[in-house]
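Structure, as structure tokens:
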There are 2 protein chains.
Amino acid sequence: MSTIREVAKVANVSVATVSRVMNEKGYVSEKARVAVLQAIKQLDYRPNRVARSLFQKRSGLIGLIVPDITNPYFPQLARAVEDMAHKHGYQVILCNTDEQFQKEHEYIQSLEAMHVDGLIITTNYSNNPNYETIEVPIVALDRVLQGAIPTVTSNGYDGGKKAAQFLLDHGADELVVISGPSKLPTIKKRRDGFEEVAGKHLVASIESPFHFQGALDAANYLFDHYTCNGIFAANDVIAAATIQVAAERGIAIPEQLQVIGYDGIELGQMISPPLTTIAQPIYQMGELAAKLLIQRIEGKEIAAVHHELTVEVIERETTKRKDEQI
Amino acid sequence: MSTIREVAKVANVSVATVSRVMNEKGYVSEKARVAVLQAIKQLDYRPNRVARSLFQKRSGLIGLIVPDITNPYFPQLARAVEDMAHKHGYQVILCNTDEQFQKEHEYIQSLEAMHVDGLIITTNYSNNPNYETIEVPIVALDRVLQGAIPTVTSNGYDGGKKAAQFLLDHGADELVVISGPSKLPTIKKRRDGFEEVAGKHLVASIESPFHFQGALDAANYLFDHYTCNGIFAANDVIAAATIQVAAERGIAIPEQLQVIGYDGIELGQMISPPLTTIAQPIYQMGELAAKLLIQRIEGKEIAAVHHELTVEVIERETTKRKDEQI
DNA sequence: TTGTACGCGTTATCAC
DNA sequence: GTGATAACGCGTACAA
């Protein structure tokens with residue numbers, strides 16, 4: 001890899017001139033310009049981003065911290081973040097915390113030490129007081145962080161209410177919610193909204209991990225202990241596990257049991273029957289988070305507001321048709 | 001963020017001493033050591049990785065280039081790579097090429113310019129002659145690159161053969177393979193293996209994109225033009241789409257049609273009926289690729305060999321039981 | 001219009 | 001044992 005000095009030598013100018021040509025700053029004669037351009041091409045010169053970062057104190061890197069990349073929700077989010085970042089000339093460093101506080105902490109330290117320009121965080125631990133001490137700009141995505149940190153989520157409370165209303169409207173009257181870990185505020189809201197509308201029709205409210213294997217256990221527990229005809233799962237993976245277990249037990253969906261998920265990931269279309277779900281605008285959420293972050297990075301003061309995007313029901317085949325319910 | 005100079009000042013020593021303490025190199029008196037440690041703690045000093053990279057010419061970063069992170073196969077791979085990298089003190093930069101040559105090229109340039117220590121590449125374009133000119137160590141994962149580049153794949157040829165044999169053994173005698181883009185050598189092998197064993201039982205061989213939507217189209221095309229009772233899909237996503245379309249058309253699986261996928265991603269367990277598939281050792285592949293890369297980075301000369309891991313059939317419910325077939 | 005020289009934060013090589 | 005000091009490659013005052 002050649003350096004700016006070699007280019008200067010080949011072009012018979014000084015490094016300053018090369019730099020000026022590269023960054024299109026300051027005056028440089030046409031003759032020098034073409035000589036430099038020529039030399040750059042000849043040597044396949046690309047500026048060393050490390051040295052540049054050191055000087056400029058910006059790295060062009062955005063850290064994206066997710067709890068579990070094998071949960072398909074996060075790749076879709078990551079994809080949106082990456083697209084937007086790429087569009088603005090940033091690169092994304094993706095880190096997996098495994099839901100472990102320790103790993104999250106390590107990654108944040110590490111990313112700060114490598115001078116990322118900003119951080120998008122989709123994990124949170126209520127007992128973590130550190131976010132306020134982080135010097136780089138942060139945006140929280142899908143989860144809510146303490147402190148004055150801009151946040152992007154979907155309206156889970158409304159989503160929960162819509163799910164309950166939808167099930168009731170379609171003839172289910174014994175409702176269950178399989179929530180995720182309720183220590184996550186965004187998750188708790190989904191359950192709260194659901195329970196409020198479900199009212200006296202609520203049969204049970206249980207918790208499940210987000211990963212498929214754990215959700216299978218939760219679903220088995222549910223069917224062992226309760227009977228119901230309408231289930232709201234806190235995410236689509238849990239819904240898929242629920243459907244899987246129902247199928248094993250010979251419970252007909254949607255005839256005997258209606259299921260509605262949350263997220264709107266592609267998985268919902270892949271399973272049979274295709275999943276009715278409360279869809280978050282995942283791509284927009286990722287884009288918005290990235291956009292907010294980049295604005296902050298580039299100096300615009302943005303309010304530490306909470307952006308709560310609306311969700312909508314996508315009706316597929318794990319719920320009854322309106323005309324079937326009668 | 002405080003610098004080494006500030007630490008030196010607080011501890012009343014020179015920066016050299018601080019550096020020695022940090023890196024545990026060279027002699028330093030116990031008294032100086034505790035003073036430095038004390039100062040480091042007090043200032044919450046962490047060395048600037050950018051400056052360190054500039055000097056050492058290593059960044060502690062590994063670039064991982066994938067074609068599509070929303071295809072669940074790649075997150076599982078990424079997860080393995082990341083775990084192994086993390087274990088050795090490296091961080092992973094994940095980049096999405098969208099199967100576009102242009103983006104891949106940009107990312108590689110960019111990653112080189114930021115002095116990543118190595119590259120793991122899971123995309124390839126037969127018309128890309130550039131890999132040989134890249135200066136950092138490279139390992140190819142799941143795809144085969146030209147030039148003397150170590151490669152990790154699964155034995156797709158054997159996988160294809162196993163799939164055909166399995167279908168034949170379970171009573172299917174009109175076989176179809178829905179392959180992925182055949183310009184990818186690893187994909188082509190799966191098809192070749194299948195076709196060889198299928199022999200005169202092969203009814204059709206069609207191609208499909210890897211993403212779900214495209215695979216739906218391919219499956220519809222298939223059912224419009226051919227009849228068959230055994231399908232081998234080049235990956236699990238295509239298999240899921242095929243099953244979806246079959247369900248829509250009222251084709252009973254596995255009674256009328258048996259389906260076998262390839263990959264062994266978690267999705268296979270999530271769909272109904274659960275998917276019989278040729279499982280790659282995904283996690284091991286990711287680990288191995290990362291391990292090979294790190295070995296090369298750290299100076300060990302490793303042969304540019306092709307590591308081809310074995311695959312195995314995971315029998316689930318999209319194929320008939322042996323005892324049912326009669 | 002162009003070149004010299006310095007600083008960014010770190011590590012390594014010398015003298016002391 | 002320890003402290004100056006010279007790199008690493010880049011960008012930019014400032015002088016020419």
Side-chain angles (χ1 to χ4, degrees), chain A residues 1-37 39-40 43-61 89 109-117 135-136, chain B residues 1-37 39-40 43-61 89 109-117 135-136:
Chain A
M1 186 70 81
S2 41
T3 75
I4 198 173
R5 246 180 289 274
E6 307 181 56
V7 176
K9 187 171 288 176
V10 171
N12 255 317
V13 295
S14 75
V15 293
T17 304
V18 178
S19 174
R20 276 189 279 264
V21 172
M22 289 294 300
N23 303 296
E24 295 174 345
K25 271 182 184 165
Y27 297 106
V28 44
S29 70
E30 192 53 25
K31 186 173 141 234
R33 224 176 62 83
V34 295
V36 169
L37 257 22
I40 287 175
L43 296 174
D44 185 30
Y45 167 72
R46 280 159 286 158
N48 181 329
R49 276 179 65 177
V50 179
R52 179 179 261 174
S53 305
L54 183 60
F55 181 86
Q56 297 184 155
K57 290 157 171 300
R58 19 186 334 299
S59 58
L61 260 27
Q109 296 272 314
S110 193
L111 291 170
E112 269 199 286
M114 67 204 287
H115 283 194
V116 294
D117 296 334
E135 290 178 28
V136 301
Chain B
M1 186 68 79
S2 40
T3 76
I4 198 171
R5 247 180 285 276
E6 308 180 55
V7 175
K9 188 172 287 177
V10 170
N12 256 314
V13 295
S14 73
V15 293
T17 303
V18 178
S19 177
R20 275 189 279 262
V21 172
M22 288 296 300
N23 303 297
E24 295 173 345
K25 273 183 184 166
Y27 295 107
V28 44
S29 70
E30 191 54 23
K31 189 173 136 230
R33 225 176 62 84
V34 294
V36 168
L37 257 23
I40 286 175
L43 296 174
D44 185 30
Y45 167 72
R46 279 161 285 157
N48 182 329
R49 276 179 65 177
V50 179
R52 181 177 264 176
S53 304
L54 180 60
F55 185 88
Q56 295 184 159
K57 291 154 170 301
R58 30 191 320 301
S59 58
L61 262 25
Q109 296 273 314
S110 194
L111 291 169
E112 268 198 288
M114 67 205 290
H115 282 195
V116 294
D117 296 335
E135 290 179 28
V136 301

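Since we're looking at a predicted model, the values are computed, not measured. By convention in this document, chain letters (A, B, ...) are assigned in the order of the sequence lines, proteins followed by strands, and residues within each chain are numbered from 1.
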Which atom pair, heavy atoms only, marks the closest approach of B/Leu54 to A/Ala51? CD1-CB, 3.6 Å
Separation of C/dT11 atom C1' from B/Leu54 atom CG, nearest Å, is 11 Å
The first and last nucleotides of DNA chain D lying within contact of chain A, meaning any atom under 4.0 Å from one of its heavy atoms, run from D/dG9 to D/dT12
Tightest non-hydrogen contact, residues A/Glu135 and A/Glu112, listed as N-OE2, 3.3 Å
N-O pairing of B/Lys9 and B/Glu6 below 4.0 Å: no
Nucleotide N/O to protein N/O under 3.5 Å, stretch nucleotides 12-16 of chain C:
| unit_1 | atom_1 | unit_2 | atom_2 | d |
| --- | --- | --- | --- | --- |
| C/dA12 | OP1 | B/Lys25 | NZ | 3.4 |

A/Val50 near the nucleic acid: base, sugar-phosphate alone, or nothing, with a heavy-atom cut-off under 4.0 Å? nothing
Round to the nearest Å and state the distance from B/Glu6 atom CD to C/dT10 atom C1'. 14 Å
Rounded to whole Å, how long is the line connecting atom NZ of A/Lys57 with atom C1' of C/dG7? 10 Å
So, for B/Arg33 and B/Val21, which heavy atoms are closest and what is the spacing to 0.1 Å? CG-CG2, 4.0 Å
Heavy-atom closest pair, residues A/Ala8 and A/Ser14: CB-C, 3.7 Å
Polar side chain donor-acceptor pair, B/Arg49 to A/Ser110, under 3.5 angstrom: yes
Pick the nucleotide of DNA chain D nearest each of B/Lys31 and A/Tyr45; which residue has the one closer to the 5' end? B/Lys31
Within the structure shown, what part of the strands sits under 4.0 Å from A/Arg5 by heavy-atom distance: base, sugar-phosphate, or nothing? base
Rounded distance (Å) that lies between atom P of C/dG7 and atom CG of B/Asn48: 18 Å
Interatomic distance where CD1 belongs to A/Ile4 and P belongs to C/dC6 [whole Å]: 18 Å
Measure across B/Val7 and B/Val36 and return the closest heavy-atom pair with its distance rounded to 0.1 Å. CG1-O, 4.3 Å
What integer distance in Å separates A/Tyr27:OH from C/dT2:P? 13 Å
Side-chain (B/Asn48) to main-chain (B/Val50) donor-acceptor, under 3.5 angstrom: yes
For the atom pair CG (A/Asp117) and OG (A/Ser53), what is the distance rounded to the nearest 0.5 Å? 8.0 Å
